[in-house]
Structures are given as structure tokens and as C-alpha cells.
Amino acid sequence: MENNTLHPKELPLQPEAGPALPTDEELAEQCAELLRRYKAGKTQLESRIIENERWYRQRHGSAARNPGDPEPASAWLFNVLANKHADAMDNMPTLTVLPREESDKNDAEALSRVLPVVLEQTGFEQVYNDMWWYKLRTGTGLFGVFWDSSRMGGLGDIAVRSLDLLNLFWEPGITDLEKSPNLFYVSLMDGDELRRKYPELREAAGSGGAGAVTLGEYVHDESIDKTGKLLMIDWYYKRRLGGREVLHLCKLCEGKVLFRSETDPAYAEGYYRHGRYPFVADALFPVPESPAGFGYIDICKSTQLYIDKLDSALLKNTLMGARPRFWQKGDGKVNARQYADQTLDFVEFNGSGNPNDSIVQIPVPVLNPHAVTMREAKIEEMKEVTGNRDFAQGGTNGGVTAFSAIQALKEAGSKLSRDMIASAYRAFARVGYLCIDLMRQFYTEPRTFRILGPGGDVAFTRFSGAAIGPRAARDGFLESSRVPVFDVRVIAQKSDPFSSALHNERAQELFRLGAFDPRMAQQTLTMLEMMDFDGVEQIRSRVSQQAQQYRQSQQLEQLKPLLVTMAAQLDEHAGKAHYLPGVQQLLGRLNA
């Protein structure tokens, strides 16, 4: 972490010597120039994101070659996205906080209880759901971790949001967002609301000001009126302060600087003291020199297109066979209208001769069986490439019906999903670190949180940022401040019913084997040492405790005859009044 260095108290942070701060006008011009350059570097990425959104909505265009041909848009690609999203939500993550020093153990336990509540209050489950849909469509999920001063009745609280990558701009050519010297997040906001909050915008006409940029737009099903909307630019940038980098924020709209943390004494140590950008990008399939990756739509759109083309050809052939067509001579004697009407029992025929000489059915070409085979091959190709096999969806192809066998095949075939989810967990861990640092900075007053106790009972705990803030430390003769450092570990909540059933079956099997018999504790511990599953450490600890209690009870049981003999001997002496009650009490505890 970046904020765990030791700073002597008598050495306050001072800006490094450098040029004078630019004026608001100069800063606005600099912002416009940087933003234009950053947006130009994202042109191809924005086009791909917008195109992928059309594929997700199955609005990617017709596969028909001629007007009037069937225009199918099968949902095989959507099925891939839906199954990957279901895998992610079945393994919804939660956080636990670990200390790096023994003295921080109690604070880490408090954070482990409080942090999930903070995320729940910010609606993280919905945020995680939205992020995954966006990540699967575009190839990159984007979290925003901010301090929202309007929440909690003005007290403020952490806000975690799923953001649109079209609104974020970084320096082209970097892989990590933290390596970008500037970061811009542009959002379209209601003009009247902004004018009420910032009176200097009352004359703003909505032109965007000098060097205004335009955001990429999706193709919507409904008409969206953007009249009266204004572009708000949140410009995050880093400066040197006291030998380290600090983060500042400048808010601009219509070419006017509305807020500037660099000139505000309240943010002398940076807008966010953790010094990192409040954005976490999670690329599905990473690419070099870009924080944005690509996703399943980019991989499978070609296969989906050919499936649609083959579907169009198959449907066209089927429809042609279902609705016959005929050749008719120009001077034919058959009434064509009556001939086409299937409800008539008789068709008029004028003159002599054979009616078949006047009207002949057009033969429909026999469908090439290779077309059907190729369509099935393309569908199998998509399943194979994405790991979206039948067992992952609960299918029983191949005659496998046993639960354990289906679960084993499902686990073996879900390694792509596990790898994808592990990447999301790493991004979620970075979200957890940002939340801890925001709590350290902004939780200046104690807050009460409702939590679940060890037994599932509702309990309440108080927490403040001072508990994890800088602490006085003495190293020899130098007094300094130490910031507690924690590690964030992400674990899955395991809402997958198959995983829950497998866990229950494992517990029953251990019980049948006698693993919970304290007399078999040594053998059980040896067996658990070779096993690896969620919760194995807790079971190992519980078996060890039961074994220790069993040994103690056995030792006391062996002492019982000796104590009975002692009680009988003491009964014969005059001093039995002093010793006998204690011996009898111990015997009573042993009998109990």
C-alpha cells in the first residue's frame, strides 16, 4: 500500500518546489487539450464497445442476402453471456481483512465485520451484477469507489458504482490506470440542477465550452432527449507532495472551473489521501498497452454471424418447400387465382388439352445435408471456444445421470469460468483496499453498524476511522506515525446449489467415516491434512479442540478412583472437615 510509510510528526508535508499553480483559465485550456488527445486515442475502442452493444441486443444486422429472405437472429451468443453471468453471480464475493501485525488483529476483525455492511448499504450486489453484464459485453468492467457526502443524511459514506468505459479517458498506451498522469471521467448531467448548485453556470448555453468533447452514444430503442444536459468533467491528476504522489480533483463544466482541490486548504494532502485513482478496471481478456480488454462478443460474433446465415438459408429452403410455386403460360387456360385458393374444390379450365401444359410446379432444390451439419458444427464451435458445454447448463448428454458424476464434469468444464471469476476477485480486492482507505480518511465520527454475530444473532458495533488511522510509534529516539496495513482476502459466498449440495454430501460422508469421533482425532487430522476444500481449516480446528477435550476428560476419569480413596481416608481423620468438601465437589464435577 502507498500510505504505510513513516512520516515524522515534526516534518509536515510541503509541496515540492516548482512552477506556480496555473490559473483557472489556463487549467481549463490544459484540460481541453488533454481530453481531446485522450479521446482520440480511444476512437477504435469506443466503436468496438458500441458495436458490441448492438450484438448484445441482437441488433447486429440482417444475415439475409436478398430482400424478403428470413432474417433470424439466434441467441447462441447471448446464451454464452447469460451462463457466464450466472456463474459469476453464483460465486458472489465477500471480503475478509487480515492484519500484518499482531497489534492490528482486533482492528482487522472489526473491518471484516463492518466492510461487508458498508458494501451492502451501497447496494454492491446490484453494482456487481451490472458490472458483470457490462464486462461480458464490452470486455472490461469498471468500478468507481467514491466518497459521497450526500449520503447518510449529509454525514457521507462510501459509494461503489459500476461505470461506463465510454465516459472514462486515460493516456493512450498505458496498461494500468494508475500509470496515467491524468484521468478524466465525463458525465452528462441535468443543466438546471448544475446551475442551482453552481451559480456561475447560469449563463451556460450547453455548448460545452472551448474544446468540448462528445461522448460515444449507443443505439437505443427509445428516443432520448438530451436537451438541457451539460457535460461535467471530473479531472483527476497527481502532484508531488512531501516526496510522494497525491491525488487532486478538478471539476469543470462549459469551460469553467467549478472546484479545485489543489487550492482548497481542506485537501492539502490530496482529495483522496490514498493517492490512487478511484477507478478499478477489470479486463476479461487483456490486451497489451491498454487497460481495456475484449470479451466473448468479440470472440464469437463471427461464429454467431455464420450461424445466422445458415439459419436464414435453412429457413428459406423450408419455407419454399412449404409454399409451392408454379410456372404459368401466358396464354394458359387455367384460372390461376382459383388454382392458388386451397379452399375451392373445383378450378376452372377453358378450352381443350391438358391443364398440366398450362401450369407446372416449380421444383424446390433438395437441401444439402452438409448445411445442417455445418450449422451444428458452428454451434459446437461456440460451445467449445467459450467453455459453455452442456454439463455447465445442467444437461445430461452422454447418458450421465448420477449427481456426483454430473458435478464432477461440471467442475472440470468450468475452469474458464473459474479463471474469469478469479480475475474479478482480484479487482474486487482493489475495491476493498480503496474502501478501507476512504474509511480511514472520512470516518471521522463513530458510526454504528448492524452485523451478524458468530451464532447468527443480530449485534451492533461502533467503528470509526481513528481505529485504523495513523498511530504514534517510537523507533529509538525518533517519534513517528505508523499507519496500520491490512490485507484483503476475497472469498466466494457459494450460492451455487450444486456446490452447496456437494458440501453437504461431503459433511455426511465425513460423519459416516467417524471423522467426528474424538477417539479417531489423530487419524482424522491426518486425513484432513491431505484434503483441500472450503472450510477445511475450521473443521481441522474443531477436531483438534474435541480431541483435547476428550484427552482431558480421560485423564480426569483416571483420577476418579484415586480421589474416592482419598475421600475415604480423609473421612477417618479429624481434619476431614477441612478437606472433604473440596474432594466431594471435585467428585461431583467428575460424575457430571
Side-chain angles (χ1 to χ4, degrees), residues 1-9 11-13 93-122 124 143-149 151-152 155-160 178 241-242 244-247 266-278 280 425-454 459-475 478-491:
M1 297 180 64
E2 297 180 8
N3 55 356
N4 61 347
T5 52
L6 300 180
H7 300 289
K9 289 185 176 180
L11 296 177
L13 294 176
T94 186
L95 294 174
T96 182
V97 182
L98 305 175
R100 291 195 182 178
E101 295 191 14
E102 181 69 23
S103 58
D104 301 327
K105 183 178 180 181
N106 293 335
D107 296 325
E109 293 176 353
L111 278 173
S112 297
R113 295 190 299 267
V114 169
L115 193 52
V117 179
V118 173
L119 292 173
E120 181 182 358
Q121 291 175 349
T122 195
F124 182 75
F143 286 114
V145 187
F146 309 100
W147 178 258
D148 188 352
S149 58
R151 296 188 60 202
M152 303 292 291
L155 184 62
D157 206 349
I158 297 171
V160 182
E178 292 298 325
L241 180 67
R244 63 186 179 94
E245 281 189 334
V246 296
L247 181 71
Y267 301 100
E269 297 186 25
Y271 186 75
Y272 291 137
R273 293 177 186 171
H274 53 61
R276 299 188 296 278
Y277 292 124
V280 177
Y425 283 4
R426 291 191 292 270
F428 183 46
R430 297 198 297 271
V431 170
Y433 284 118
L434 291 176
C435 289
I436 292 175
D437 286 327
L438 290 181
M439 295 167 72
R440 181 180 286 132
Q441 178 179 353
F442 292 103
Y443 276 23
T444 56
E445 300 179 10
R447 303 177 181 221
T448 302
F449 295 90
R450 185 186 69 245
I451 62 173
L452 290 178
F460 294 88
T461 184
R462 291 178 64 82
F463 182 83
S464 71
I468 56 176
R471 300 174 181 175
R474 181 176 291 276
D475 183 12
L478 179 63
E479 185 176 355
S480 59
S481 60
R482 182 185 69 86
V483 178
V485 180
F486 305 97
D487 292 322
V488 173
R489 181 186 177 191
V490 181
I491 56 177

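Proximity of Glu269 to Val246: side-chain heavy atoms (C-beta onward) are nowhere separated by under 4.5 Å. No side-chain heavy atom of Arg273 sits less than 4.5 Å from a side-chain heavy atom of Leu247. Phe486 is listed as a side-chain neighbour of Asp104, based on a closest heavy-atom distance under 4.5 Å. Side chains of Val118 and Phe449 form a contact here, defined as non-hydrogen atoms less than 4.5 Å apart. No side-chain heavy atom of Arg430 sits less than 4.5 Å from a side-chain heavy atom of Phe143. Side chains of Glu101 and Val485 form no contact here, defined as non-hydrogen atoms less than 4.5 Å apart. Residues Arg276 and Glu245 form no side-chain contact, since every pair of their non-hydrogen atoms from C-beta on lies 4.5 Å or further apart. Here the side chains of Val117 and Arg450 are not in contact, with every heavy-atom distance at 4.5 Å or above.
Nearest heavy atoms, Leu119 versus Thr122: O-CG2, 3.0 Å. Val490 approaches Pro93 most closely through the heavy-atom pair CG1-CB, 3.6 Å.
Glu109 pairs by the side-chain contact (heavy atoms from CB on, under 4.5 Å) definition with Lys105, Asn106, Arg113, not counting sequence neighbours. Applying the ring-ring contact (aromatic ring centres under 6.0 Å, His included) rule to Phe428 yields the partners Phe124; only residues at least two apart in sequence or on another chain are considered. Applying the side-chain contact (heavy atoms from CB on, under 4.5 Å) rule to Thr444 yields no partners; only residues at least two apart in sequence or on another chain are considered. In this structure Phe146 satisfies the side-chain contact (heavy atoms from CB on, under 4.5 Å) test together with Arg161, Leu163, Tyr236, Tyr272, Pro278, Phe279, sequence neighbours excluded. Partners of Asp487 according to the side chain to side chain donor-acceptor pair (under 3.5 Å) rule, which considers only residues two or more places apart in sequence or in another chain, are Arg100. Every residue two or more places apart in sequence or in another chain that forms a side-chain contact (heavy atoms from CB on, under 4.5 Å) with Ser112 is listed here: Thr96, Val97. Applying the side chain to side chain donor-acceptor pair (under 3.5 Å) rule to Tyr267 yields no partners; only residues at least two apart in sequence or on another chain are considered. Remark: Asp157 pairs with Tyr443 by the side chain to side chain donor-acceptor pair (under 3.5 Å) rule, at least two apart or across chains.
Each of Val431, Asp437, Leu438 was compared with Cys435 under the side chain to side chain contact (heavy atoms under 4.5 Å, CB included) criterion, and only Val431 meets it.
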List the atom pairs, donor and acceptor, that lie under 3.5 Å between side-chain atoms in residues 459-467 and the rest of the protein, sequence neighbours left out.
residue : atom : partner : partner atom : Å
Arg462  : NH1  : Thr448  : OG1          : 3.1

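A distance-only check finds no donor-acceptor pair linking the side chain of Arg489 to the backbone of Leu95 [under 3.5 Å]. Formation of a donor-acceptor pair under 3.5 Å by the Arg440 side chain with backbone atoms of Pro484 is found in this model.
Atom CG of Leu111 and atom CE of Met439 lie 5.5 Å apart (nearest 0.5 Å). Here the CD1-CD distance, from Ile158 to Gln441, works out to 10.5 Å after rounding to the nearest 0.5 Å. The line from OG1 of Thr94 to CD of Glu120 is 10.0 Å long, rounded to the nearest 0.5 Å.
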